[in-house]
Amino acid sequence: MSKADLILRLERLLARVTQRAGEARVARAPVEQGADSPMPAAATFDENDPGSVEIVSSRQLAVDPRVEAVYHVDPFESRERLVAAHAIGSEPPTATEPEPETAVTEAAPISSRRPLAPAPEERLADMAFGEQPQQRPAAYAPPPESGRLPASPDLDFDGDVTGVRQAQITQEPRPVLVVEPSEPPPEQEPVKRLEPEATRAAAVAVAASDRVVDVLGEAQRFAPATFAALLDASLGL
Amino acid sequence: MGASTFDPARAVQFDLPRGAVSARGEAERLLLVPSSALDDLVLTAPREAVESIGRAIGASIGKRAAARIGDGEGASVEEFVTQLAGEAAISGAGALSIERWGRALVVVVEESPLADALLVPMIAAAIEAASGRKAACIALGRDDRAARVLVAGERAAARVREWIESGVAWGEALARLHSGAA
């Protein structure tokens with residue numbers, strides 16, 4: 001896959017995500033049909049008058065280039081996108097109210113029933129005086145609800161709490177800091193260098209008069225005073 | 001005490017009417033002999049004869065040196081060597097000096113015309129005559145300029161001779177002599 005194809009696919013994905021977000025907003029609020037609305041008007045139907053079906057607007061849909069691109073079958077694309085593409089050309093989604101929370105009527109399965117541990121004081125009392133007959137029935141924790149869950153109400157979350165902040169679109173361009181090569185970089189806090197702390201033995205001051213070396217005797221040397229002594233030494237070898 | 005010197009005055013006397021040559025302090029007549037004649041003698045004469053001649057020459061030198069030294073026991077090395085070297089020079093044997101290799105006495109003779117067969121016994125006799133002690137000598141080595149002769153006892157001389165004949169350098173032989181190696 002070339003880079004161009006990859007970029008194209010990413011752009012399509014972004015468009016779909018954006019569109020879905022827009023559709024969700026439209027789903028919450030009633031869609032006001034207007035002349036500028038790109039979506040075709042909803043068909044009104046009167047049960048009493050079968051012929052009351054009339055199409056308010058017969059304006060031809062302007063083909064969204066994005067739609068056209070979606071219908072291009074690509075073996076690497078998923079069917080989900082095709083389903084979403086069909087939904088784009090179909091009737092506009094009507095505003096639906098969130099379903100009210102319904103009480104759970106079905107009975108909880110037996111396996112979900114689990115006894116709760118008694119309070120610590122009760123356990124101590126049981127250990128001290130023996131198990132007392134249960135004076136109250138064991139409470140069972142309701143099992144977690146399965147199946148469809150009601151949609152969460154539209155709550156206004158505090159951006160500072162959740163960490164999500166409304167992006168503020170500013171019209172003015174951001175100032176760009178231009179650093180001239182000749183200009184010195186801004187002063188930064190110098191990195192603290194670690195210096196080793198050495199501990200060495202104190203130097204011993206040696207005076208000239210100190211006798212550090214103790215010499216015992218003198219080295220033997222042969223220095224005969226007379227020729228006779230020299231001759232005798234040689235004859236004695 | 002001044003430096004030892006050799007007085008060569010009247011060391012050799014040439015009596016021209018009598019046609020005789022003698023050395024100071026000796027009545028025995030001397031003879032000027034070419035060194036080549038001695039070389040032929042060394043080549044043709046028996047070893048004992050050559051050794052005898054060498055010893056005679058050395059003895060004469062030593063006696064004259066002793067006469068000049070006077071007290072041989074108390075003479076310093078320098079005094080002894082000076083007088084001995086002077087007499088050797090007068091006789092034409094060469095320039096004599098000594099070297100001390102540890103305790104070994106080595107006589108060095110420079111510019112000597114004598115072969116080792118004559119030189120070694122000559123030095124031995126000169127030392128004996130000058131010092132009054134029996135000495136054995138052995139040639140250590142000789143180059144173009146100087147010959148070295150070890151003055152030692154009989155046993156030491158024999159050992160050094162054996163080592164040198166086996167190929168040991170004479171310097172090492174002297175070192176072995178001091179270490180007491182067998």
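Heavy-atom basis, side chains included; hydrogens, waters and symmetry copies ignored. Chain identifiers are assigned alphabetically (A, B, ...) following the order of the sequence lines, protein sequences preceding nucleic acid strands; residue numbering begins at 1 within each chain.
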Side chain / backbone / both / neither for Ile69(B) at chain A, heavy atoms under 4.5 Å: neither
Where does Ala75(B) contact chain A at under 4.5 Å (heavy atoms): side chain, backbone, both or neither? backbone
Name the member of Asp232(A), Leu231(A), Leu237(A) that forms the most heavy-atom pairs with chain B at distances under 4.5 Å. Leu237(A)
Is the closest side-chain donor-acceptor distance between Gln83(B) and Glu87(B) under 3.5 Å? no
According to the interplanar angle, ranging from 0 to 90°, do the rings of Phe227(A) and Phe80(B) count as parallel (below 30°), tilted (30 to 60°) or perpendicular (above 60°)? parallel
Name the option with the most non-hydrogen atom pairs under 4.5 Å to chain A; the candidates are Ala130(B), Ala156(B), Ala136(B), Ala152(B). Ala152(B)
Quick one: what part of Arg155(B) sits under 4.5 Å from any heavy atom of chain A, side chain, backbone, both or neither? neither
Within the 3.5 Å criterion, strictly below it, is a donor on Asp39(B) or Ser36(B) matched to an acceptor on the partner's side chain? no
Heavy-atom check, side chain of Arg148(B) versus side chain of Arg142(B), under 4.5 Å: no
Exercise: do Trp170(B) and Glu172(B) side chains pair donor with acceptor under 3.5 Å: no
